[in-house]
Amino acid sequence: MDAPQAAARHARAGALVLTATDRPVLVVGAGLAGAVHARVLAEAGRDVHVIDRRPHVAGNAHDEVDATGVRRHVYGPHLFHTNSDRVHAWLLRFTTFLPYEHRVTVRLPDGRGFVPVPVNRATVNTVFGQRLETEAEVAAFLARVAVPVERPRNAAEWLHARVGTTLTDLLFRPYSRKMWGVELEDLDASVVRRVPTRHDDEDRYFPTARHQGMPRDGYTEMVRRMLDHPRIRVETGVAFERAMLREHAFCFASSSIDEWFGYALGPLPYRSIRFHHRTEPARASFGPTVQVNLVEHPTFTRHCDWSLLPGHVVRATGSKTVTHDEPCDVRDNGHERYYPVPDGSGENAALYRRYVALAAAERDVAFVGRCGTYRYLDMDQVVGQSLESAHAWLRGATPAPAAEPRG
Ligand SMILES: Cc1cc2nc3c(=O)[nH]c(=O)nc-3n(C[C@H](O)[C@H](O)[C@H](O)COP(=O)(O)OP(=O)(O)OC[C@H]3O[C@@H](n4cnc5c(N)ncnc54)[C@H](O)[C@@H]3O)c2cc1C
């Protein structure tokens with residue numbers, strides 16, 4: 001008896017026989033990657049089953065209102081910014097955005113105040129006690145202190161070539177040592193290449209972003225609305241098991257690709273962060289910006305005053321939460337994977353490529369999102385890639401995992 005005959009017999013016997021296109025699609029992870037895939041597929045008429053082992057949706061963008069009445073991003077501050085009109089327009093179906101332009105300062109040692117990062121005219125004047133007035137003067141000053149390197153081989157050389165050793169050692173070295181647990185010399189230049197140097201007074205972190213802001217009711221509510229569709233079934237507190245694949249036509253996995261293969265080739269390194277929350281009087285001030293980087297503290301990289309973000313004081317209680325970030329190895333934080341580690345030697349990228357080779361033999365699975373593709377991806381990139389990937393799959397294309405780990 002061939003398969004269609006067997007199906008017909010089961011059907012006559014009253015058994016539910018599902019063909020591949022009837023069976024639901026499994027989405028592992030209810031973060032942005034999972035939620036976008038689920039919504040696109042559901043709107044195209046597919047049934048979708050979304051699971052997440054955490055007790056909530058929205059993945060690392062999850063937020064909640066805590067006992068002080070302040071909305072806190074549970075896995076660290078998430079600032080939405082994008083140049084993609086398509087991504088922005090798609091998200092507007094699920095939220096409106098409160099205007100917010102992110103700024104970051106560094107608290108200097110010895111009570112010398114706060115300076116903006118990325119480096120701008122004010123940073124240079126304060127750190128070096130200068131009174132440079134024009135962009136040309138700032139550029140000329142930085143050129144004098146820079147240590148030219150023709151082909152920077154790592155993050156230290158890249159920074160030295162742009163801002164010299166004083167600013168590198170003051171603003172970047174302590175941060176990066178705590179953040180990545182390695183010296184700048186051992187870090188790939190790509191990590192700092194994204195950090196611009198400015199010669200004017202621009203102090204916005206994302207000055208060129210066409211759209212930026214905070215979702216009016218938070219990220220979790222935005223994702224909950226994406227998943228709110230009659231064809232989508234969401235189960236939180238449920239971890240992926242291989243047996244689930246049998247009941248589903250296909251699987252989009254935003255879980256970590258090394259975990260999928262039982263770490264057969266060894267674990268892909270990630271950095272994680274332990275968050276330390278402190279309750280403070282609502283009127284206390286800790287700096288001029290939501291995010292302040294702490295160069296002096298031995299373990300904390302930054303603090304975040306949530307109350308300074310628009311719409312984040314949801315109930316006035318007279319108190320607020322301020323959160324300090326303590327980066328750590330992923331093994332020291334319950335395998336909460338936050339940042340793929342871009343090592344200078346390229347070993348991690350090579351290991352990821354070996355997992356991609358294993359994935360090529362895996363049928364009916366696509367690895368998506370930040371951990372699926374072992375890339376640092378901002379939220380807008382995840383949304384954009386997930387829209388592409390889900391639509392491509394609906395058109396019949398077989399998604400292949402990205403070959404390169406870093407975005
Ligand atoms: C500290 C920090 C700050 C950030 N700040 C910003 C920012 O300011 N702006 C910005 O644009 N982006 C920011 N990001 C990036 C943003 O978090 C990601 O782009 C986005 O969350 C990626 O979505 P994702 O769905 O790929 O992954 P995730 O959000 O990590 O979701 C994956 C989900 O899969 C679940 N999962 C994993 N394995 C399994 C399993 N085996 N079974 C069931 N479920 C599983 C996890 O529990 C998780 O909820 C930040 C990230 C971090 C860590």
Side-chain angles (χ1 to χ4, degrees), residues 26-39 49-63 72-84 87-88 91 97 100 102 104 179 194 205-206 209 211-215 219-220 222-223 226-227 234-242 244-245 251-263 270-275 290-291 301-302 304 309 323 325-328 330 333-340 365-386 389 402 407:
L26 178 65
V27 172
V28 181
L32 279 165
V36 173
H37 276 90
R39 183 72 189 205
H49 180 197
V50 181
I51 57 164
D52 201 301
R53 63 180 164 201
R54 286 172 169 163
H56 57 72
V57 301
N60 282 350
H62 173 65
D63 51 19
R72 201 157 43 76
H73 305 179
V74 173
Y75 305 98
H78 277 64
L79 304 317
F80 177 75
H81 58 99
T82 189
N83 279 324
S84 165
V87 166
H88 184 239
L91 291 176
F97 286 92
Y100 171 69
H102 193 51
V104 178
M179 180 66 220
R194 296 153 60 105
Y205 209 75
F206 309 114
H211 312 283
Q212 53 181 314
M214 303 303 297
Y219 291 103
T220 302
M222 178 179 85
V223 171
M226 282 179 204
L227 293 169
V234 182
E235 282 187 292
T236 53
V238 174
F240 170 75
E241 287 169 26
R242 276 204 171 252
M244 292 173 178
L245 295 176
C251 175
F252 286 97
S254 65
S255 44
S256 199
I257 192 167
D258 55 344
E259 186 179 338
W260 182 278
F261 292 105
Y263 307 104
Y270 282 89
R271 287 297 276 175
S272 193
I273 299 179
R274 282 191 288 253
F275 298 103
V290 170
Q291 180 186 330
T301 45
R302 62 182 180 182
C304 179
L309 284 169
T323 300
D325 290 15
E326 182 193 8
C328 59
V330 72
N333 194 30
H335 288 273
E336 286 285 5
R337 299 174 173 92
Y338 292 163
Y339 298 102
V365 178
F367 295 93
V368 297
R370 205 170 192 201
C371 292
T373 59
Y374 196 59
R375 286 169 187 239
Y376 180 89
L377 294 173
D378 276 329
M379 293 181 284
D380 64 322
Q381 295 173 296
V382 169
V383 172
Q385 290 179 4
S386 300
S389 144

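Whatever order the structure lists ligands and atoms in, that order sets their numbers, starting from 1.
The ring pair (Phe, Tyr, Trp, His ring centres under 6.0 Å) search around H37 returns F252, not counting sequence neighbours. With sequence neighbours excluded, the residues satisfying ring pair (Phe, Tyr, Trp, His ring centres under 6.0 Å) with H56 are H62, Y75.
Side-chain atoms of Q291 and H102 include a donor-acceptor pair closer than 3.5 Å. Side-chain contact annotation: S256 with Y270, donor-acceptor N/O pair under 3.5 Å present. D52 and T236 share no donor-acceptor pair across their side chains, judged by distance under 3.5 Å alone.
Taking each of R53, R375, Q385 in turn, the one with a heavy atom nearest to atom 41 (N) of ligand 1 proves to be R53. When V382, D378, T82, L32 are checked for heavy-atom proximity to atom 10 (C) of ligand 1, D378 turns out nearest.
Residue contact check: G59 has heavy atoms under 4.0 Å from atoms 29 (O), 31 (O), 49 (O) of ligand 1. The atoms of ligand 1 that sit less than 4.0 Å from any heavy atom of R54 are 47 (O), 48 (C), 49 (O). Close approach of ligand 1 to G29 is summarised as follows: ligand atoms under 4.0 Å from at least one heavy atom of the residue are 33 (C), 34 (O), 35 (C). Proximity to P77 (heavy-atom distance under 4.0 Å) selects the following atoms of ligand 1: 3 (C), 4 (C), 5 (N), 6 (C), 8 (O). Taking a cut-off of under 4.0 Å to the non-hydrogen atoms of V238, the atoms of ligand 1 that pass are 43 (C). Shown in contact with N60 at under 4.0 Å from a heavy atom are these atoms of ligand 1, numbered in order with element: 17 (O), 21 (O), 28 (P), 29 (O), 30 (O), 53 (C). Ligand-side atoms of ligand 1 in range of G369: 26 (O), range being under 4.0 angstrom from any heavy atom. Heavy-atom proximity to L79, at under 4.0 Å, picks out these atoms of ligand 1: 7 (C), 8 (O), 9 (N), 10 (C), 11 (O).
Stacking of R271 on the aromatic ring of Y339 is not recorded, the 6.0 Å distance cut-off and the 45° axial limit not both being met.
Atom 32 (C) of ligand 1 has its closest protein heavy atom at S254 OG, 3.7 Å. Residue, atom and distance of the protein heavy atom nearest to atom 11 (O) of ligand 1 are M379 N, 2.7 Å. Among protein heavy atoms, the minimum distance from atom 2 (C) of ligand 1 is reached at Y339 OH, 3.3 Å. Protein heavy atom closest to atom 50 (C) of ligand 1, with residue, atom name and distance, is H78 NE2, 3.2 Å. Scanning the protein for heavy atoms near atom 47 (O) of ligand 1, the closest one is D52 OD1, 2.7 Å.
Using a 4.5 Å heavy-atom threshold, the side chains of V27 and I51 count as separate.
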Handout entry: R337/E259 under side chain to side chain contact (heavy atoms under 4.5 Å, CB included): CA gap, chis, key distance, verdict
Key = CA-CA 11 Å; R337 299 174 173 92; E259 186 179 338; 3.0 Å; yes
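Proximity of E259 to ligand 1, defined as any heavy-atom pair under 4.0 Å, is confined to the side chain (atoms from C-beta onward). For Y75, every heavy-atom contact with ligand 1 shorter than 4.0 Å involves the backbone, none the side chain. Counting heavy atoms under 4.0 Å from ligand 1, residue L377 touches it through the backbone alone. At a heavy-atom cutoff of 4.0 Å, ligand 1 is contacted by no atom of V368, backbone or side chain.
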